[in-house]
Structure formats: structure tokens, C-alpha cells
A.B. asks: 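I'd like to ask you about the structure that follows.
Note that the structure is predicted; figures quoted are calculated from it, not measured.
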Protein chains: 2
Amino acid sequence: MLTDRQLLILQVIIDDFIRSGQPVGSRTLSKKHEISLSSATIRNEMADLEELGYIEKTHVSSGRVPSEKGYRYYVDHLLSPQRLTQEDIQKIKSIFAERIYELEKVVQKSAQILSDLTNYTSIALGPAVKDNKLKRIQIIPLNKQTAVAIIVTDTGHVENHVITIPASVDPSDLEKMVNILNERLIGVPLIDLKDKIYKEVADVLRMHIHNYDSMLKTIADTLDIPQEEKMFFAGKTNMLNQPEFSDIQKVRPLMKMIEQEKDFYRLLRKHNRKGIQVTIGRENQLSGMENCSLITATYSIGKEQLGTIAILGPTRMEYSRVITILNRVASDLSTVLTKWYQNN
Amino acid sequence: MLTDRQLLILQVIIDDFIRSGQPVGSRTLSKKHEISLSSATIRNEMADLEELGYIEKTHVSSGRVPSEKGYRYYVDHLLSPQRLTQEDIQKIKSIFAERIYELEKVVQKSAQILSDLTNYTSIALGPAVKDNKLKRIQIIPLNKQTAVAIIVTDTGHVENHVITIPASVDPSDLEKMVNILNERLIGVPLIDLKDKIYKEVADVLRMHIHNYDSMLKTIADTLDIPQEEKMFFAGKTNMLNQPEFSDIQKVRPLMKMIEQEKDFYRLLRKHNRKGIQVTIGRENQLSGMENCSLITATYSIGKEQLGTIAILGPTRMEYSRVITILNRVASDLSTVLTKWYQNN
DNA sequence: GTTAGCACTCAAACACCCCGAGTGCTAAAT
DNA sequence: ATTTAGCACTCGGGGTGTTTGAGTGCTAAC
């Protein structure tokens with residue numbers, strides 16, 4: 001177990017390192033007013049902390065730098081609470097300022113504001129479309145062979161798809177079919193649509209529609225909505241401003257990952273616990289992210305958890321501030337979205 | 001005027017520099033089999049080329065490097081024609097392989113393939129939605145206060161918008177209004193919609209609909225489609241692989257620009273001449289792009305020019321290859337799109 | 001238990017030198 | 001009149017050596 005003095009020293013080392021990015025030496029620490037010990041004493045304590053694995057040296061005679069274990073302890077036990085400035089709060093409020101009622105746009109705006117506030121990269125995982133419920137199917141012919149199929153969900157989300165219509169299908173049948181689909185499928189979660197069509201609607205269609213089978217697959221494909229939640233990034237290049245990434249060799253794999261996005265999708269899916277979740281460096285188990293930390297929070301409508309907002313930064317990230325901000329944004333987001341969308 | 005020999009030397013210098021990225025010296029040149037002159041003679045010629053502004057030295061005793069004027073001359077007069085490999089052609093064909101009938105997706109895929117083929121950043125400017133013609137307006141109520149307004153165009157493009165419905169508006173009136181709008185507005189280019197509503201449809205609405213004025217603005221706003229064409233990027237981080245950008249200081253402003261996208265929108269709008277257009281370094285008049293060149297081509301449906309595809313690379317770009325590829329993609333794109341969309 | 005003092009280490013900055021690739025110029029060769 | 005060989009010169013880059021300063025660990029005294 002760490003003594004109070006060791007905790008104090010550990011905390012001050014990490015705070016200082018997060019601020020300066022430079023290894024922290026014993027003399028620097030002894031001059032801080034929170035600490036009234038000689039540098040020699042501090043050196044002894046630091047040697048112990050190093051032996052316990054909380055801090056490291058970059059070379060034999062350098063100051064100390066937090067290890068991943070050190071950051072982990074810091075995040076779990078040593079965070080000094082932060083207060084947001086009036087300005088910060090104002091910015092967060094601005095997410096909801098223009099009355100954008102489109103859920104995805106609000107989420108996207110949140111990502112934007114988060115990266116503005118923190119100068120890190122921010123990622124927001126939108127609500128899963130597959131859980132939305134069908135509000136309306138519409139098929140609008142463009143010409144003889146093609147039409148646009150449109151699906152509207154109860155949250156106002158719209159999916160659309162250009163389809164080709166077999167020549168054998170009669171336009172009036174098409175209309176009839178759309179009516180049947182709407183009658184039978186409204187209120188069904190999108191993810192269940194395909195199933196339901198084959199199991200319940202196919203029979204009805206067969207009774208009323210000529211050539212129904214040539215259409216069935218087209219329709220079913222149309223309703224095969226992308227399973228993945230939309231992801232919004234903001235401040236993708238902010239990592240380039242971090243001094244630890246001033247070497248282009250080190251950023252390249254990371255930027256590649258950020259550009260491709262898919263790794264982060266998996267990562268965020270794993271971060272689905274309610275509340276703040278922090279993973280540090282190699283805890284992320286991704287080779288480009290050894291020197292990065294990811295902090296996530298979830299937002300919800302009522303009790304139903306909708307999505308995740310996240311900040312990606314260097315392990316030397318301002319954990320306190322970021323956590324405070326994420327908490328605030330997530331809770332405001334949940335409150336507002338609940339108000340807007342709760343009683344459909 | 002340049003002599004043939006000077007042209008040869010200029011061409012070989014630029015070809016070599018594009019390949020190697022290293023300043024080219026007289027001895028290197030004299031060893032090339034295209035050139036059978038002593039290094040001393042070449043030095044004299046190079047001194048002249050430098051005086052004329054086509055090449056530069058990086059320092060007093062360095063080899064020569066093409067100047068912007070040199071690249072300009074090279075692009076305008078010295079390009080050696082390239083042949084695409086079977087593999088390249090295959091990749092280009094793959095743009096149209098899955099029968100995606102959505103125009104925007106094809107354009108996006110083109111950008112993807114272009115950056116794959118060249119290892120540079122690629123940008124595609126989609127067709128302007130504002131010129132599409134209205135096919136159908138649909139308003140689908142979500143609950144008492146909100147509804148989704150959907151606009152479908154003749155190209156199968158779908159725009160949607162969540163709107164709030166004033167409490168004073170009757171649902172049946174809403175339906176009636178949508179019918180009127182569809183009757184009057186189908187076939188109208190999106191950009192003229194707003195005008196037309198106020199000038200021609202407003203009167204009709206007043207006659208048939210209660211509280212029509214409280215809806216009019218909502219509707220008009222809905223139809224106020226984003227004027228800007230969609231832009232698709234691919235290979236945003238490819239610039240990081242170019243040796244001339246190995247210094248992070250130099251990439252940062254460029255990456256910022258690429259992330260924000262809007263500067264490129266303006267740039268591409270300017271590049272709207274039919275055929276290949278090349279701007280080199282400071283010709284782009286953007287401070288992050290001193291060391292970049294932009295090559296663009298346009299694609300069309302029939303005679304109607306639709307959009308632009310572009311490659312962004314270092315000034316030391318493989319102009320020949322990129323131009324050949326862009327030409328090919330633009331022409332294939334035009335051919336296929338014309339086939340698919342010509343006779344609606 | 002704490003501190004002062006000392007010997008020691010290492011990275012970073014700097015000076016220095018040398019090498020090689022390049023130049024321009026001049027005089028001789030073609 | 002060109003072309004070329006030869007030579008003196010320049011400069012960047014890489015290597016080496018030195019100094020400086022910020023750090024450490026250890027020991028002995030407080």
C-alpha cells in the first residue's frame with residue numbers, strides 16, 4: 001500500500017508531467033509548495049514508487065515519467081476535481097442552441113464541441129439505427145426500371161436506397177405492396193424487418209400481388225439496413241499538435257487508424273458501460289495506440305442507452321478536465337434528448 | 001526559347017527528381033544513356049536553365065531541383081505519355097463492379113480507387129443537388145409536433161429534414177398541402193423551389209389551407225436545400241508518406257486544411273474547365289499548399305458537366321501517371337453514368 | 001526519518017572536422 | 001565555336017569530442 005506521502009508525490013509528478021510533458025525531477029518537486037521535503041527525501045520516495053511500477057525513467061539520470069500503472073492509479077484514485085469555466089459551459093450549451101431536431105446532427109455537433117473544448121480528437125457513436133422502429137416505407141418510382149425506397153423510423157431517421165424494379169412488376173401492384181408492407185410492419189424494429197417479411201408478410205403478398213416473388217428479394221434487401229451505428233469524428237488532426245507525436249513516424253499508424261475509423265468502432269463498442277470509462281495506452285490493445293488514452297461516456301434517452309461519446313488523446317492527457325467535460329456533455333445530451341424524444 | 005538539348009536536360013532532371021526526390025547533379029545526368037554529354041557541358045546548360053528560372057539549387061553546391069516554372073513547362077510540354085497496366089485498368093473498372101445505382105456512391109468509390117491507385121489524396125466533387133429536379137415531396141408525421149420532410153429528386157437523391165408542425169395546423173390540411181406542393185412543383189429544379197413556392201404556390205395554398213402562413217415558412221425552409229455539392233475525400237493521410245512532408249511542422253497546416261475541407265471546395269469549384277487542369281504550388285493561392293499540386297478532371301452525363309475528380313499531391317507528383325489515371329477514370333465515369341442516367 | 005553533499009550518468013547542445021557531391025570557371029582539345 | 005578536362009571552391013551531413021546541466025543513488029551527518 002502506498003503511504004500518503006507517496007500518493008502526494010505521485011499525484012504531483014503526474015499533474016506536472018501532464019502540464020509540461022517533461023520528465024519531473026526531485027528538485028522540481030521539492031520546490032513545489034505542496035511539498036516541503038528536500039530533494040533527497042523525494043528521491044528516496046521516487047525510487048520506491050519506481051520499484052512499485054508507478055513511475056519510470058526515460059534514461060538513467062532523467063526525471064520520472066508516469067507509467068501506465070501510474071496513470072491507472074491516478075485516474076482511479078487521485079483525480080483532482082475540476083470546475084468548468086462559464087465559457088466551457090456556454091459552449092456545451094451551444095450544442096443544443098440551434099434547434100436541430102435531428103438526432104444524428106446533435107450527436108455530430110457534440111463531437112465537434114468536444115474536440116473544440118479539449119483540443120483532442122473526439123468520437124461520437126450515434127444511436128443504433130437497427131433498434132429504431134419503422135414509421136413508414138415509401139417507394140417512389142424514378143423511371144421504368146428504378147425507384148427509390150425510403151424508410152423512415154420513429155426517431156426521424158431516414159434511410160434510402162435506389163432499387164431496380166423487375167419489368168414484370170406492375171406499377172399498381174407496387175403501390176399495393178407498399179401499402180401491405182406499411183400495414184404489417186409499422187412499429188417493428190428495423191433489425192427484425194427482414195425476418196418478419198419472410199415469416200409473416202410473404203404469405204399476404206402472395207395472395208394479393210402478381211410476381212410477388214420477383215419483388216420480395218428486392219424489398220427484403222432494401223430493408224436490410226446497415227447494422228452499424230454511425231460514427232462522427234472531430235479534430236482528427238489534433239494529435240499532430242501533441243509534442244509526443246512530433247515525430248511523423250509515430251503518428252502515421254495512428255492517423256491511418258483514425259482515417260479508417262473501423263478500429264475505433266470496435267473499441268467504442270467495447271466501451272459501453274454506463275458512466276465514464278478510461279483505457280490507457282496498451283490497455284486499448286491496438287498497436288497504434290500505445291501512447292494514447294481513450295475516455296468514453298454514454299448518453300441515453302430515458303433509461304435506454306443510445307450511444308457513446310469519446311475523447312482520444314495522448315496518455316499524457318488532461319484526464320480531470322476531459323472527464324468533467326465528457327460527464328457534462330453526456331448528461332446534458334441525455335437530458336435534452338430525453339426531453340425531445342421521450343414521448344413519441 | 002529553349003534548345004532541344006535544354007528541353008531534354010530539363011525533362012530528365014524533372015523525371016529523375018520526381019522519382020528520387022533528391023536534387024539532381026550534372027554527373028548523374030551525364031551517366032544517363034539518353035544524354036551523352038560530359039558533366040561540364042551539362043553544368044553549363046543547367047546554369048542557363050537556372051537563369052531562365054526553370055530549375056533551382058537548394059544551396060550553393062547542391063544539385064538542381066525543378067522550380068514551379070519548371071514544373072509548369074514540364075506539365076505543359078514535356079509529359080511522356082504513360083500506359084496503364086492491366087491491373088490499374090482492372091481497378092478502375094471495379095468502381096462500377098457492384099451495381100450501385102446511387103450516383104453519390106459511385107463518385108465516392110471513384111475517390112477511393114483514385115487514392116488507391118496513386119497513393120495521393122483524392123477528392124471528388126459530387127453532382128450539384130441544386131440542379132436536380134424535384135420528383136416528390138413527402139411529409140411523414142412522427143408525433144404531434146414533429147414530422148420528417150423528404151424530398152426525392154429525379155436522380156434518386158433523397159434529402160430529409162425534421163420539422164416542427166405548429167399546433168394550429170390540422171393533419172388533414174397537412175396532407176392536402178403536400179398534394180398541392182407535389183402537383184405544382186414536380187420537375188422544378190431544387191434551386192428554384194423556394195422562389196416558386198412564394199410566387200406561385202402560396203396563393204393556391206391560401207385558398208385551400210387554414211393557417212397556411214404558419215406552415216409556409218416551415219415548408220420553404222425545408223425546401224431550402226444545401227447549395228453545396230457533396231465532397232468525398234480518400235487517402236487523407238497519404239501526404240504523411242511523402243518524404244517532403246516528413247517534418248510535422250510542414251504537414252500541420254495542410255492536414256488542417258484537408259480536415260476542414262472547405263478550402264478545397266472553393267478550389268475545386270474554380271477547377272471546372274473540361275479536361276485535365278493542373279495547378280502547381282503557389283498557383284493554388286493557398287498558404288498550406290506551397291508544396292502541393294492539384295490535378296483535376298471533370299465528368300459528365302451526356303453533355304451536362306456533373307462534377308470534378310481530383311488528386312492532391314506534392315509538387316513532386318507523378319504528373320504523367322496521375323493525369324493518365326484521372327483521364328481514364330473521368331471518361332469511364334462519364335460513359336457509365338451517361339448509360340445509367342441519360343434517359344430518365 | 002530527514003537532509004546535505006558528493007560522485008556519477010546521460011541527453012542535448014555545440015564546436016569541429018572531414019568527406020563527398022556538387023558547382024563555376026578556365027584553358028586545352030576537338 | 002563547342003566541348004571537355006581539370007581545378008578550386010562551397011556546403012550539407014555525418015561523425016567525433018567536449019561541455020553543460022539536470023538528474024540520479026548513496027553515504028554520512030543531523
A.B. asks: Identify, between A/Ser26 and B/Val60, the residue whose nearest nucleotide on DNA chain D lies closer to the 5' end.
C.D. replies: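 Counting from the 5' end, the first nearest nucleotide belongs to B/Val60.
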A.B. asks: Which of the following nucleotides, D/dG23, C/dT23, D/dT4, is nearest to the side chain of B/Asn44?
C.D. replies: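 So the nucleotide nearest the side chain must be D/dT4.
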A.B. asks: Ignoring hydrogens and geometry beyond distance, is a side-chain donor-acceptor pair present between A/Arg43 and A/Ser26 at under 3.5 Å?
C.D. replies: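 Yes - a donor-acceptor pair under 3.5 Å links their side chains.
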A.B. asks: Using a cut-off of less than 4.0 Å, is there contact between a side-chain N or O of A/Ser61 and OP1 or OP2 of C/dC10?
C.D. replies: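 Answer is no, no contact under 4.0 Å.
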A.B. asks: For the pair A/Asp76 and A/Arg72, find out whether any cationic side-chain nitrogen is under 4.0 Å from an anionic carboxylate oxygen.
C.D. replies: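 Looking at A/Asp76 and A/Arg72, the cut-off is met.
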A.B. asks: I need the NE2-P distance between A/His59 and C/dA11, as an integer number of Å.
C.D. replies: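 Interatomic distance, NE2 of A/His59 to P of C/dA11: 5 Å.
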A.B. asks: Check this for me, if you would: do B/Lys236 and B/Glu259 make a salt bridge, where the nitrogen-to-carboxylate-oxygen distance has to be below 4.0 angstrom?
C.D. replies: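 A salt bridge is absent here (no side-chain N lies under 4.0 Å from a carboxylate O).
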A.B. asks: Whole angstroms only, please: what is the CD1-P distance between A/Ile42 and C/dT3?
C.D. replies: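 That distance rounds to 9 Å.
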A.B. asks: For residues B/Arg328 and B/Leu84, determine if any side-chain heavy atom of one lies less than 4.5 Å from a side-chain heavy atom of the other.
C.D. replies: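 A side-chain contact under 4.5 Å exists here.
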A.B. asks: Across the strands shown, which category fits B/Thr41 at heavy-atom distances under 4.0 angstrom: base, sugar-phosphate, nothing?
C.D. replies: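 Touches a base.
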A.B. asks: I need the CD1-C1' distance between B/Ile9 and D/dT3, as an integer number of Å.
C.D. replies: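 Those two atoms, CD1 and C1', are 13 Å apart.
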A.B. asks: Nearest-Å distance, CZ (B/Arg5) to C1' (D/dT4)?
C.D. replies: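 My rounded result for the distance is 12 Å.
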A.B. asks: Take the protein atom CE of B/Met46 and the nucleotide atom C1' of D/dT4, then report the distance between them rounded to whole Å.
C.D. replies: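 Atom-to-atom, B/Met46 to D/dT4, this comes out as 15 Å.
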A.B. asks: D/dG25, D/dC11, C/dA4: which one has an atom nearest the side-chain heavy atoms of A/Ala47?
C.D. replies: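 In terms of side-chain proximity for A/Ala47, the closest of D/dG25, D/dC11, C/dA4 is D/dG25.
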A.B. asks: What is the distance, rounded to the nearest whole Å, between atom CD of A/Glu56 and atom P of C/dC10?
C.D. replies: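 Computing the A/Glu56:CD to C/dC10:P distance gives 18 Å.
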A.B. asks: Find the distance A/Arg64:CZ to D/dA22:P and express it as a whole number of Å.
C.D. replies: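 Going from CZ in A/Arg64 over to P in D/dA22 covers 17 Å.
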A.B. asks: Answer yes when B/Asp16 and B/Lys32 have at least one side-chain N-carboxylate O distance shorter than 4.0 Å, and no when they do not.
C.D. replies: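 Here B/Asp16 pairs with B/Lys32 in a salt bridge, since their nearest N and O are under 4.0 Å apart.
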A.B. asks: Rounded to the nearest Å, what distance is computed from the CD1 atom of residue A/Ile35 to the P atom of nucleotide C/dT3?
C.D. replies: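 Those two atoms, CD1 and P, are 12 Å apart.
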A.B. asks: Taking 4.0 Å as the cut-off, does a side-chain nitrogen or oxygen of B/Ser62 come that near to OP1 or OP2 on C/dA21?
C.D. replies: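 Indeed not, no polar side-chain atom of B/Ser62 lies that close.
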A.B. asks: Nearest to the side chain of A/Arg43, heavy atoms from C-beta on, is which of D/dT4, C/dT3, D/dC26?
C.D. replies: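 For the A/Arg43 side chain, the nearest candidate turns out to be D/dC26.
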A.B. asks: Are any of B/Lys57's side-chain N or O atoms less than 4.0 Å away from OP1 or OP2 of C/dA21?
C.D. replies: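 Negative; the distance criterion is not met.
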A.B. asks: As a test of reading the structure: which of D/dT24, C/dA4, C/dT9 is closest to the side chain of A/Ser38, going by heavy atoms?
C.D. replies: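 Comparing D/dT24, C/dA4, C/dT9 against the side chain of A/Ser38, the answer is C/dA4.
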